[in-house]
J.: 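Quick one: structure below, then a few questions.
Keep in mind the model is a prediction, meaning the values are calculated, not measured. When a residue number appears, it is its place in the shown sequence, counting from 1.
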Amino acid sequence: MSSGFVKTADGTEIFFKDWGPKDAQPIHFHHGWPLSADDWDAQLLFFLSKGYRVVAHDRRGHGRSTQVDTGNTIDRYAADASAVVEHLNLRNVVHIGHSTGGGEVARYVAKFGQPQGRVAKAVLVAAIPPLMLKTPNNPEGTPLAVFDGFRSALAANRSQFYMDVASGPFYGFNRPDAKVSQGVILNWWRQGMMGGAVAQYEGIKAFSETDQTDDLKAITVPTLVLQGDDDQVVPYKDAALLQAKLIKNSTLKIYPGFPHGMLTTHADVINPDLLAFVKG
C-alpha cells in the first residue's frame, strides 16, 4: 500500500506514506512541530523522481495519526518511528529529520536504528538537539519564558498562533527582503490545525527540554548536519554547530541567510545537497 497506519504498543495509530519502488533504498522523513508528513512534499516528490522509496509518517497527535493525550515525548516519538520502520521492514535507511523531527531521528538512530542494523545514514536539518532550553549547563539556550509564551499563545488561540508563526519567523517572512508565499503560510497553518491541541501543547516541552547530548554521542553512521544562519526558531550556534561536534562521523553545512523552514523556501538548493549525501 502507498499509505496506511501502524498500531503501536499503546494502541496509537501512526499514519504513514510509502511511495516508490519497494526494492529501492528507503529514505524516511521526520517532520517538525506541529506539522505532518505533508511538510516533506518537496522532498518526497524530488527523491521519488530519482528512483528512491520515500517514507514519511505523522507524529502521534499530529496530522492523521491518533490525537492521543499520552506519550508526547521524544522517547515515544522515536519508538513510534521504529514501529513504522519495523512494520515496513525497512533496511539500509537514510533518516532525515527537520527541527523536532531531527530530535526524533537522533533518538531513533541511537536507540533503535543502529542496534537493529537498519540505518545507513542520518540527516539533521535545523534540528533541536542537543538541548534548546537555557539551563546552567546550557547558558546559550532559549529561556523557559519563550516556551511558556508558546504554550500560552497555543492555549489562547491556536489558529492565530499558527498563522503568526508561519507568516513570521518560521520561513523568515518577517525579513524586509522576504518573498512571502501565502500558499506556504496557509499550508503550514493547515497542517498544524489538523493535529490535536493536547499533543502539540505537550510537544513544546518535549522539543525544548529533552537533553539529547548522549544520543548525538552515540550516533556512528555518517550524518549530515544542515542549518541556516538566519534560523529564528532554533539558534544554529546552539544546535547545528554543537551537533557537528558531538556526532563522530558528521558533515556540517551552514547556509547564509536561510530560515528555519529552508526545506520549503530553498528546496532547489537543499534537495540536491541531500541527494549528494545520500548517494555519496
Side-chain angles (χ1 to χ4, degrees), residues 1-32 35-66 68 70-98 100-125 127 212 215-216 218-224 247 249 271 274-275 277-280:
M1 293 180 65
S2 57
S3 68
F5 292 87
V6 57
K7 185 169 284 190
T8 67
D10 69 348
T12 302
E13 291 196 323
I14 302 297
F15 171 83
F16 65 86
K17 306 177 187 185
D18 177 16
W19 300 343
K22 300 307 179 260
D23 59 348
Q25 182 176 19
I27 304 176
H28 190 165
F29 297 88
H30 305 246
H31 68 79
L35 305 172
S36 74
D38 295 356
D39 201 45
W40 291 104
D41 283 354
Q43 285 69 44
L44 295 176
L45 294 173
F46 175 81
F47 279 98
L48 192 63
S49 74
K50 302 298 181 183
Y52 289 90
R53 179 181 184 178
V54 294
V55 175
H57 70 281
D58 291 352
R59 189 168 299 119
R60 64 170 49 217
H62 296 61
R64 289 139 292 211
S65 294
T66 310
V68 289
T70 56
N72 299 301
T73 65
I74 295 294
D75 215 36
R76 190 67 243 182
Y77 296 163
D80 292 346
S82 184
V84 174
V85 172
E86 292 171 49
H87 175 73
L88 297 175
N89 194 25
L90 303 178
R91 298 191 178 278
N92 194 34
V93 189
V94 178
H95 287 274
I96 303 180
H98 175 242
T100 299
E104 181 177 289
V105 166
R107 179 64 52 89
Y108 167 79
V109 170
K111 189 173 181 180
F112 298 97
Q114 287 181 167
Q116 294 174 354
R118 292 181 179 272
V119 59
K121 296 178 180 179
V123 182
L124 305 181
V125 184
Q212 297 195 253
D215 291 331
L216 299 177
I219 295 173
T220 57
V221 297
T223 303
L224 179 63
I247 298 172
N249 191 5
N271 286 352
L274 293 174
L275 178 63
F277 175 73
V278 170
K279 291 172 69 175

J.: In the structure I gave you, are the side-chain heavy atoms of Phe5 and Thr66 within less than 4.5 Å of one another anywhere?
T.: no
J.: Go through the structure and list residues passing ring pair (Phe, Tyr, Trp, His ring centres under 6.0 Å) with Tyr52, not counting sequence neighbours.
T.: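 For Tyr52, the residues satisfying ring pair (Phe, Tyr, Trp, His ring centres under 6.0 Å) (neighbours in sequence not counted) are Phe47.
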J.: Do the side chain of Asp58 and the main chain of Ala37 share a donor and acceptor less than 3.5 angstrom apart?
T.: yes
J.: First locate atom CG of Leu48, then atom CG of Asp41, and finally report the distance between them rounded to the nearest 0.5 Å.
T.: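 Here the interatomic distance stands at 11.5 Å.
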J.: Could you work out, with ring pair (Phe, Tyr, Trp, His ring centres under 6.0 Å) as the rule, every residue matching His28, not counting sequence neighbours?
T.: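 By the ring pair (Phe, Tyr, Trp, His ring centres under 6.0 Å) rule, His28 matches His30, His57, His95.
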J.: What is the minimum heavy-atom distance between Leu216 and Ala106, and which atoms define it?
T.: CD2-CB, 4.2 Å
J.: I need the full list of salt bridge (charged side-chain N to carboxylate O under 4.0 Å, His left out) pairs touching residues 2-16, with sequence neighbours left out, sorted by first then second residue.
T.: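 Those involving residues 2-16 are Asp10-Arg60.
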J.: Quick one: list whatever passes side-chain hydrogen bond (donor to acceptor under 3.5 Å, both in side chains) with Lys50, sequence neighbours left out.
T.: none
J.: Suppose we screen for side-chain hydrogen bond (donor to acceptor under 3.5 Å, both in side chains). Which residues come up paired with Asp38, at least two apart in sequence or across chains?
T.: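 Per chain and number, Asp38 pairs via side-chain hydrogen bond (donor to acceptor under 3.5 Å, both in side chains) with Lys17, Arg64, Arg190.
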J.: Only distances under 3.5 Å count here; give the side-chain donor-acceptor pairs of residues 112-124 to other protein atoms, sequence neighbours excluded, each with its distance to 0.1 Å.
T.:
residue	atom	partner	partner atom	Å
Gln114	OE1	Thr220	N	2.7
Gln114	OE1	Thr220	OG1	3.2
Gln114	OE1	Val221	N	3.2
Gln114	NE2	Ala218	O	3.0
Gln116	OE1	Arg118	NE	3.3
Gln116	NE2	Glu86	OE2	3.3
Arg118	NH1	Asn89	OD1	3.2
Arg118	NH1	Leu90	O	2.9
Lys121	NZ	Phe277	O	2.7
Lys121	NZ	Val278	O	3.2
Lys121	NZ	Gly280	O	2.6

J.: Is the shortest heavy-atom distance from the side chain of Gln43 to the side chain of Val54 under 4.5 Å?
T.: no
J.: I need the Ile247 CD1 to Ile219 CD1 distance, nearest 0.5 Å.
T.: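 Here the interatomic distance stands at 4.5 Å.
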J.: Kindly assign one of parallel, tilted or perpendicular to the pair His62 and His31, based on the angle between their ring planes and the thresholds 30° and 60°.
T.: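 Tilted: the ring planes of His62 and His31 meet at 30° to 60°.
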J.: Got a second to check how far Leu88's CG is from Asp18's CG, nearest 0.5 Å?
T.: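 Leu88 atom CG to Asp18 atom CG measures 5.0 Å (nearest 0.5 Å).
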J.: If we ignore hydrogens and angles and just use 3.5 Å, is the side chain of Ser65 paired with the main-chain N or O of Phe15 as donor and acceptor?
T.: yes
J.: Look up atom CD in Glu104 and atom OG in Ser82, then write down how far apart they are to the nearest 0.5 Å.
T.: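 Output value for this atom pair is 10.5 Å.
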J.: Minimum heavy-atom separation for Ser36 to Gly63, with atom names?
T.: CB-CA, 3.9 Å
J.: Can you tell me how far OG1 of Thr12 sits from CG of Asn72, rounded to the nearest 0.5 angstrom?
T.: 8.5 Å
J.: For Thr100, give me all partners under side chain to side chain contact (heavy atoms under 4.5 Å, CB included), at least two apart in sequence or on another chain.
T.: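 Listed in chain order: Trp33, Arg59, Ile74, Tyr77, Ile128, Phe207.
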J.: Once you measure the plane-to-plane angle for Trp40 and Phe29, does it fall in the parallel (<30°), tilted (30-60°) or perpendicular (>60°) bin?
T.: tilted
J.: If the condition is side-chain hydrogen bond (donor to acceptor under 3.5 Å, both in side chains), which residues does Asn249 pass it with, not counting sequence neighbours?
T.: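 Partners of Asn249 by the side-chain hydrogen bond (donor to acceptor under 3.5 Å, both in side chains) criterion come out as none, since no residue qualifies.
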